[in-house]
Number of protein chains: 2
Amino acid sequence: MATRGRPRTFDPDTALRQALDLFWERGYEGTSLNDLAQAMGIASASIYACFGSKEDLFRKVMALYGTTSGEPPRRALREQPTARAAIHAMLRATADEITRPDTPHYCMLILAAPTGAVENHAVREFLAGLRRDMHTTIKDRLARGVTDGDLIAPPAGLDAIARFYTTVVQGLSIQARDGAGRTELEAVITCAMAAWDTLTSVPSHQVH
Amino acid sequence: MATRGRPRTFDPDTALRQALDLFWERGYEGTSLNDLAQAMGIASASIYACFGSKEDLFRKVMALYGTTSGEPPRRALREQPTARAAIHAMLRATADEITRPDTPHYCMLILAAPTGAVENHAVREFLAGLRRDMHTTIKDRLARGVTDGDLIAPPAGLDAIARFYTTVVQGLSIQARDGAGRTELEAVITCAMAAWDTLTSVPSHQVH
DNA sequence: CGATTTGTTGGTCGTTCGACAAACAAAGAA
DNA sequence: TTCTTTGTTTGTCGAACGACCAACAAATCG
């Protein structure tokens, strides 16, 4: 069916991008609908007509975020030939993303709504779910390394190692938020990768 | 001087503790003065008379938080005999604190106000400053290890190692917030400590 | 008692929310 | 051209909420 009636005068993708920028900077609760309407260049009535509620809009924003800023780390995991290289490249891609000069210095998924008013519990849990996916994705990549033969099933356990690197990724966001630069993040990544060989080899002696 | 006039009917310390609990659960912006007045059992006017503005109250709350929940990790750093034991014990104390059944499963210092509305910039920077102190405190402890002789000045640099463990501490908060239990945090800590020996010994071969 | 301090009630003043309504403008389809 | 759809502007509307404060009532001391 062809589009009847008056076509949209604003581009929903552009508007969504503008909403993303604002949510990114101020978090979910810190952003009001009026702020959004102003930034998107449309009336709040149009926001409701096109995107639904504030929460609906935010969920769409997060989908866009995942396919843009979230993509480089995910691609690193996917395309690097070994599990080790994949983890290292993912950490670096993350550091690159959260120190870009044109965007806030942190991962939106992690800091947009960690706590808040009771009525926004659903939003927080939505984000928590996405964060848990991070852990799963990393763990799957490690498992692939075992399948591929570049990683010997480590004694520490895939789950623990995946959780460790997830923790580092999430900690990096706080570091960048608090002013750490790309160089400082790289130093943290180097430290995190120093654990790799110990974690993925058969223990010759027990550590404490 | 003896107390003149009508004595207080509420205990400021108790009220502060109740304010702490609420700020901890909902974050800075997610907590309204009405919420606070209700939880503290006093009228909002009494809050102003006794504690000053919302921001003043929050700063006093954070001071209390630092001397209560913040103390075990700090004590671990202080009292353990070696730098390595200090870092390990600090991580464990942190994990203990953020998985207590009677409090929210995260560090308030890290998640109470990472982002938010423009007008609360001062509060965010106040917290960021306290977080930067974490890094400094850890770094100082490592330096003490060098002085004490239990730690050889590591090639990675004290600053980098301190930042790495600060990053882990901060990442643990997100993990616990998202549902990771004490056991899972322990596994992350084990991974983080696996990096220690590599980081604090002379490199036999260059890593990537 | 009278001075002093505290707590309460009620209110300021401003903003926000989502919802909804009317009236008009614009653009394309039949 | 006429109908249909979409969008805009503007407004209402109430209810709620935000931080904050002034006037009054209460309690205890010297």
Side-chain angles (χ1 to χ4, degrees), chain A residues 1-16 18-19 22-23 25-61 113 115-124, chain B residues 1-16 18-20 22-23 25-62 112-113 115-124 126:
Chain A
M1 64 175 189
T3 62
R4 298 254 315 173
R6 178 178 176 175
R8 245 183 255 279
T9 56
F10 68 92
D11 177 18
D13 291 338
T14 305
L16 203 61
Q18 286 157 336
L22 209 61
F23 273 129
E25 186 189 322
R26 306 185 185 179
Y28 182 74
E29 290 188 358
T31 309
S32 76
L33 268 191
N34 273 14
D35 293 339
L36 288 166
Q38 203 166 346
M40 298 163 86
I42 56 179
S44 69
S46 299
I47 296 181
Y48 281 93
C50 182
F51 300 104
S53 69
K54 183 185 181 186
E55 182 175 336
D56 289 336
L57 172 62
F58 184 72
R59 286 173 189 261
K60 282 162 187 156
V61 157
T115 66
V118 190
E119 63 262 32
N120 296 317
H121 180 256
V123 171
R124 286 195 293 281
Chain B
M1 65 176 190
T3 62
R4 298 257 314 173
R6 179 177 177 175
R8 241 185 258 279
T9 56
F10 68 93
D11 177 19
D13 290 338
T14 305
L16 201 62
Q18 286 157 336
L20 167 56
L22 208 63
F23 273 129
E25 187 190 322
R26 308 186 183 179
Y28 181 74
E29 290 187 358
T31 308
S32 75
L33 269 189
N34 277 10
D35 294 339
L36 288 166
Q38 204 166 346
M40 297 163 86
I42 55 179
S44 70
S46 296
I47 298 181
Y48 281 92
C50 183
F51 299 105
S53 69
K54 183 186 182 186
E55 182 175 334
D56 289 337
L57 172 62
F58 184 73
R59 286 172 189 260
K60 281 163 187 157
V61 157
M62 285 311 300
T115 66
V118 189
E119 63 262 30
N120 296 315
H121 180 257
V123 171
R124 286 195 293 281
F126 165 65

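Lettering of chains follows the sequences in order, A, B, ..., and the numbering in each one begins at 1. Quick caveat: nothing in here was measured; it's all calculated off a predicted structure.
Here the nucleotide nearest the side chain of B/Ser44, chosen from D/dA19, D/dC21, D/dT9, is D/dC21. In this structure, the nucleotide among C/dG18, C/dG7, D/dA27 sitting nearest to the side chain of B/Pro7 is D/dA27. Here the side chain of B/Ile42 is nearest to one of C/dT8, D/dC20, D/dT9, namely C/dT8. With D/dC21, D/dA27, D/dT9 as the candidates, the nucleotide lying closest to the side chain of B/Tyr48 is D/dC21. Comparing D/dG18, C/dT8, C/dT6 by their nearest atom to the side chain of B/Ala45 picks out C/dT8.
Regarding contacts with the backbone of C/dT6, every side-chain N or O of B/Thr9 stays at 4.0 angstrom or more from both OP1 and OP2.
The distance from atom CD of B/Glu55 to atom P of D/dA19 is 12 Å, rounded to the nearest whole Å. Separating the CD atom of A/Gln38 from the C1' atom of C/dT16 is a distance of 14 Å, rounded to the nearest angstrom. The distance from atom CD of B/Glu119 to atom C1' of D/dC17 is 14 Å, rounded to the nearest whole Å. Atoms CD1 (A/Ile47) and C1' (C/dA19) sit 14 Å apart, rounded to a whole Å. Distance B/Leu33 CG to D/dC21 P: 11 Å, rounded to the nearest Å. If you take CZ of A/Phe51 and P of C/dA19, they are 16 Å apart, rounded to a whole angstrom. Atom CG in A/Asp35 sits roughly 16 Å away from atom C1' in C/dG18 (whole-Å rounding). Note: CG (B/Leu57) to P (D/dG18) measures 15 Å, nearest angstrom.
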Residue pair B/Val61, B/Phe51: steps toward the side chain to side chain contact (heavy atoms under 4.5 Å, CB included) verdict | CA-CA 10 Å; B/Val61 157; B/Phe51 299 105; over 6 Å; no
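Distance CD/B/Glu55 to CZ/B/Phe126: 8.5 Å, rounded to 0.5 Å. In this structure, CZ in A/Arg124 is found 7.0 Å from OG1 in A/Thr115, a value given to the nearest 0.5 Å.
Note that A/Lys54 lies outside the cation-pi zone of A/Phe23, set by a 6.0 Å cut-off to the ring centre and a 45° limit from the axis.
Using a 4.0 Å heavy-atom criterion, one finds that B/Ser53 contacts the sugar-phosphate atoms exclusively. If you check every strand for non-hydrogen atoms under 4.0 Å, B/Ser46 touches a base.
For the pair A/Glu29 (side chain) and A/Ala117 (backbone), a donor-acceptor distance under 3.5 Å is present.
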